[in-house]
Amino acid sequence: MHKPKQQLSQTIRIPAGQRAQMDLPDGSVVWLNSQTTLTYDENFGKKDRKVMLDGEAYFEVAHNKEIPFYVQTENIKVQVTGTKFDVCSYKGSNSFIARLIEGSINLLANDTKEGKPITSLTKGKYFSMENGKYQTGEMNSNNALAWIQGIYYFDDVPFKELLDKIALYYNYKITVKNPKVLENYRCTGKFKDLDGIEHILKVIQKDHPFTYNIDNEHNKITIE
């Protein structure tokens, strides 16, 4: 008996603090953010177009009604024919967000067949999931995609969410010793990736008093 041929896959991993742009075999273009992994089979584009995403990516999908494009994340699957959109879903974060720039997409739960989607998005809309709770709405601007140019934009986000993101982007472990510094404080601002994690903390300190200790040798930060 012949053993079935093992399907080979291509995996792209982006290190902390870096971004990359790549072309997929079907002509689609993808921008990958810091600490993101994208995987697809070697026959991608022939019979199906499926990618596995751990992290954040912006897609400009080549139009092909015959072969839909799927982005599989930890909790949600995105179904596409041809469009421009951003997906952010890092494994273990229990959160997901999709932002639609052009076209339309369907959002499917991983535990369902190709049936009725959770929701469909049209241009300028976003869909988010946090700890199992869904939310949809209108995007205020395209600033959320500024990371493609190396700019991290935060729009009225909880301090903890900002800390979680910059810990990911710069590959630091951040420990908060005093939980009170996280209470009732939300952050808005734009930061250049090249400015570094300590610059971001110093800017926030001007508006929200806290102290921190940084250990660059072991990539650890303690906040009190």
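Basis for what follows: all heavy atoms, side chains included, without hydrogens, waters or symmetry-related copies. Along the sequence shown, residues are numbered consecutively beginning with 1.
For the pair Val80/Phe85, a side-chain contact is recorded, criterion being any heavy-atom separation below 4.5 Å from C-beta on. Using a 4.5 Å cut-off on side-chain heavy atoms (C-beta onward), Cys88 and Lys165 make contact. Counting only heavy atoms from C-beta outward, the side chains of Phe59 and Leu38 approach each other to under 4.5 Å. Side-chain contact between Tyr58 and Ile101: present, with at least one pair of heavy atoms (C-beta onward) separated by less than 4.5 Å. Using a 4.5 Å cut-off on side-chain heavy atoms (C-beta onward), Leu24 and Tyr40 make contact. At least one side-chain heavy atom of Asp86 sits less than 4.5 Å from a side-chain heavy atom of Glu56. The shortest side-chain heavy-atom distance between Val181 and Glu183 does not fall under the 4.5 Å cut-off. Between Phe154 and Arg186 there is no side-chain heavy-atom pair separated by less than 4.5 Å.
There is no path of hydrophobic side-chain contacts, each under 4.5 Å, that joins Met22 to Met52. By the rule that hydrophobic residues join a cluster once side-chain heavy atoms approach within less than 4.5 Å of another member, Val71 and Leu121 end up as members of one cluster. Note on Tyr153: it does not cluster hydrophobically with Met139, by side-chain heavy-atom contacts below 4.5 Å among ILVMFWY residues. When the side chains of ILVMFWY residues are joined at heavy-atom separations under 4.5 Å, either directly or via intervening members, Tyr70 and Val29 end up in two distinct hydrophobic clusters. Hydrophobic clustering (side-chain heavy atoms under 4.5 Å, transitive across Ile, Leu, Val, Met, Phe, Trp, Tyr) groups Ile223 together with Leu162.
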Discussion item. Does Tyr212 form a side-chain hydrogen bond (donor to acceptor under 3.5 Å, both in side chains) with Gln205? I'd like the steps, not just the answer.
Written reply: CA-CA 10 Å; Tyr212 69 88; Gln205 269 186 324; 4.8 Å; no
Worksheet item: Between Met129 and Asn94, is a side-chain contact (heavy atoms from CB on, under 4.5 Å) present by the stated rule, with each step listed?
Response: CA-CA 8 Å; Met129 185 207 73; Asn94 206 21; 4.3 Å; yes
Practice prompt. Would you sort out whether Phe96 and Val78 count as a side-chain contact (heavy atoms from CB on, under 4.5 Å), showing the intermediate values?
Written response: CA-CA 11 Å; Phe96 171 96; Val78 184; 3.8 Å; yes
Worksheet item: Please walk me through it: do Glu66 and Lys47 pass salt bridge (charged side-chain N to carboxylate O under 4.0 Å, His left out)?
Response: CA-CA 9 Å; Glu66 305 302 316; Lys47 291 184 179 179; over 6 Å; no
Worksheet item: Where do Leu201 and Phe210 land on the side-chain contact (heavy atoms from CB on, under 4.5 Å) test, with the steps shown first?
Response: CA-CA 9 Å; Leu201 292 175; Phe210 64 90; 4.2 Å; yes
Discussion item. Apply side-chain contact (heavy atoms from CB on, under 4.5 Å) to residues Gln35 and Asn171 and explain how you reach the verdict.
Written reply: CA-CA 8 Å; Gln35 300 239 65; Asn171 196 27; 3.4 Å; yes
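Here Asp195 contributes atom CG and Ile151 contributes atom CD1; the two are 9.5 Å apart, rounded to the nearest 0.5 Å. The line from NE2 of His218 to NZ of Lys173 is 13.0 Å long, rounded to the nearest 0.5 Å. The OG atom of Ser93 lies 8.0 Å from the CG atom of Leu168; values are rounded to the nearest 0.5 Å. Residue Thr211 holds its OG1 atom at 10.0 Å from NZ of Lys177, rounded to the nearest 0.5 Å.
Between the side chain of Ser34 and the main chain of Gly17, a donor-acceptor pair closer than 3.5 Å is present. Of the possible donor and acceptor atoms, one in the side chain of Thr188 sits under 3.5 Å from a partner among the backbone N and O of Asp156. Of the possible donor and acceptor atoms, none in the side chain of Asn213 sits under 3.5 Å from a partner among the backbone N and O of Thr222. Put simply, the side chain of Thr36 never gets that close to the backbone of Ile14: no donor and acceptor are under 3.5 Å apart. Glu42 places no side-chain N or O within 3.5 Å of a backbone atom of Gln10 that could act as its donor or acceptor partner. Asn43 places no side-chain N or O within 3.5 Å of a backbone atom of Lys46 that could act as its donor or acceptor partner.
The side-chain contact (heavy atoms from CB on, under 4.5 Å) test with Leu163 singles out one residue from Val157, Thr175, Ile197, Leu182, and that residue is Leu182.
What you find for Gln149 and Leu145 is that their closest heavy atoms are OE1-O, 4.2 Å. Nearest heavy atom pair, residue Arg19 against residue Trp147, reads CD-O, 2.7 Å. Shortest non-hydrogen contact noted between Gly27 and Ala62 is C-CB, 4.0 Å. When all heavy atoms are compared, the tightest approach of Glu74 to Lys91 is OE1-CA, 3.3 Å. The two residues Arg49 and Asp26 make their nearest non-hydrogen contact at NH1-OD2, 2.6 Å. Residues Ile174 and Ala167 approach most closely at CD1-CB, 3.9 Å, considering heavy atoms.
A ring pair (Phe, Tyr, Trp, His ring centres under 6.0 Å) check over residues 165-184, counting only residues at least two apart or in different chains, returns the pairs Tyr152-Tyr169.
Note on Asp215 versus Lys220: no salt bridge recorded, every NZ/NE/NH1/NH2 to OD/OE distance being 4.0 Å or above. Between Glu224 and Lys180 no salt bridge is recorded (no basic side-chain N to carboxylate O distance below 4.0 Å).
Using cut-offs of 30° and 60° on the angle between ring planes, the pair Phe44 and Phe69 is perpendicular. A perpendicular orientation is assigned to the rings of Phe159 and Tyr185, their planes being inclined by more than 60° (bins at 30° and 60°). Classified by interplanar angle (parallel below 30°, tilted 30° to 60°, perpendicular above 60°), the ring pair Phe127/Tyr134 is tilted.
A side-chain N or O of Asn106 and one of Ser120 form a donor-acceptor pair less than 3.5 Å apart. Between the side chains of Ser104 and Thr122, not a single donor N or O lies within less than 3.5 Å of an accepting N or O. Side-chain contact annotation: Tyr126 with Glu138, donor-acceptor N/O pair under 3.5 Å absent.
Under the salt bridge (charged side-chain N to carboxylate O under 4.0 Å, His left out) criterion, Lys160 pairs with Asp164, not counting sequence neighbours.
Remark: Asn184 CG is loosely packed, at most 12 non-hydrogen atoms of other residues, nucleotides or ligands lying under 6.0 Å away.
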